[in-house]
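Comments concern the structure below.
All of these numbers come straight from a predicted model, not from anything done at the bench.
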Amino acid sequence: MNSDISNKPRPAIELQVEDWIDREGNPSAPIRLADLGEGYKVIYCFQHWCPGCHSYGFPALKRLVESLEGRGFGFAVIQTVFEGAYTNTRERLRENQLKYALQIPFGHDYREHARPITMDSYRTGGTPWFLVINPEGQLVFSNFRLDAEALITSVLANQDRTDGTGSASPSPG
């Protein structure tokens with residue numbers, strides 16, 4: 001189910017963020033959608049100073065990673081800095097990666113005097129923001145609130161009905 005403004009799936013746009021750290025916190029080459037695997041991709045957009053990112057977004061993401069990693073899902077986090085560049089810095093990537101014990105890539109999307117490229121590409125409305133891309137490369141969810149428990153339940157139910165790959169389309173909320 002797609003919960004963005006258009007309310008219908010659309011082709012996912014390749015990630016264009018150049019500044020990344022890998023799952024161990026080391027600088028890495030830019031992450032592309034293909035690097036997240038052939039299955040579903042969940043991209044979580046945040047800003048370090050965003051209270052909702054810490055009270056809701058990161059806990060939801062952590063729950064998803066714990067439940068769905070290894071079940072055909074790939075994950076990435078992007079700090080989309082559209083304000084507060086003095087505190088929403090690249091150094092906050094590793095800080096948050098460690099704080100939430102998330103061994104997934106983190107990117108830093110900041111353009112001086114312009115909105116982050118991820119926000120422009122995906123027409124996001126702020127942070128926290130979740131993007132879900134299906135295996136066919138379609139953006140199927142784009143919104144502030146992703147119901148992690150509903151998505152997990154849907155994936156597990158679909159995997160029980162399929163060959164275990166979850167090839168049926170799960171619903172993120």
Side-chain donor or acceptor of E69 paired with backbone N/O of G74 under 3.5 Å: no
Electrostatic pair K41:D35 at N-O distance under 4.0 angstrom: no
From CA spacing to verdict: side chain to side chain contact (heavy atoms under 4.5 Å, CB included), C45, Y122: CA-CA 11 Å; C45 301; Y122 282 97; over 6 Å; no
Parallel, tilted or perpendicular: ring planes of F58 versus F46, cut at 30 and 60 degrees: perpendicular
Contact summary for P105 and F75, nearest pair of heavy atoms: CD-O, 3.5 Å
Salt bridge present between R92 and E95 (N-O < 4.0 angstrom): yes
Joint hydrophobic cluster, L146 plus I152, side-chain heavy atoms closer than 4.5 Å: yes
Spacing of L131 atom CG and N143 atom CG [to the nearest 0.5 Å]: 10.0 Å
Distance-only donor-acceptor check, side chains T80 and R115, under 3.5 Å: no
Single-linkage hydrophobic cluster, 4.5 Å side-chain cutoff, Y44 and L98 together: no
Non-hydrogen atoms of S142 and L139 that approach each other most closely: CB-CD2, 4.0 Å
Hphob cluster co-occupancy, L68 + Y100, side-chain heavy atoms under 4.5 angstrom: yes
Ring-face cation contact, Y56 with R145, 6.0 Å cut, 45° max: yes
CA sep, side-chain torsions, deciding dist, call: R32, E18, salt bridge (Lys or Arg N to Asp or Glu O under 4.0 Å): CA-CA 10 Å; R32 300 298 177 238; E18 298 297 319; 3.0 Å; yes
Backbone of Q47 reached by a side-chain donor or acceptor of N88 within 3.5 Å: no
S154 side chain vs A150 backbone, donor-acceptor pair below 3.5 Å: no
Under 4.5 Å side-chain linkage, directly or through intermediates, the cluster mates of M119: F82
Flag for H108-R90: side-chain donor and acceptor within less than 3.5 Å: no
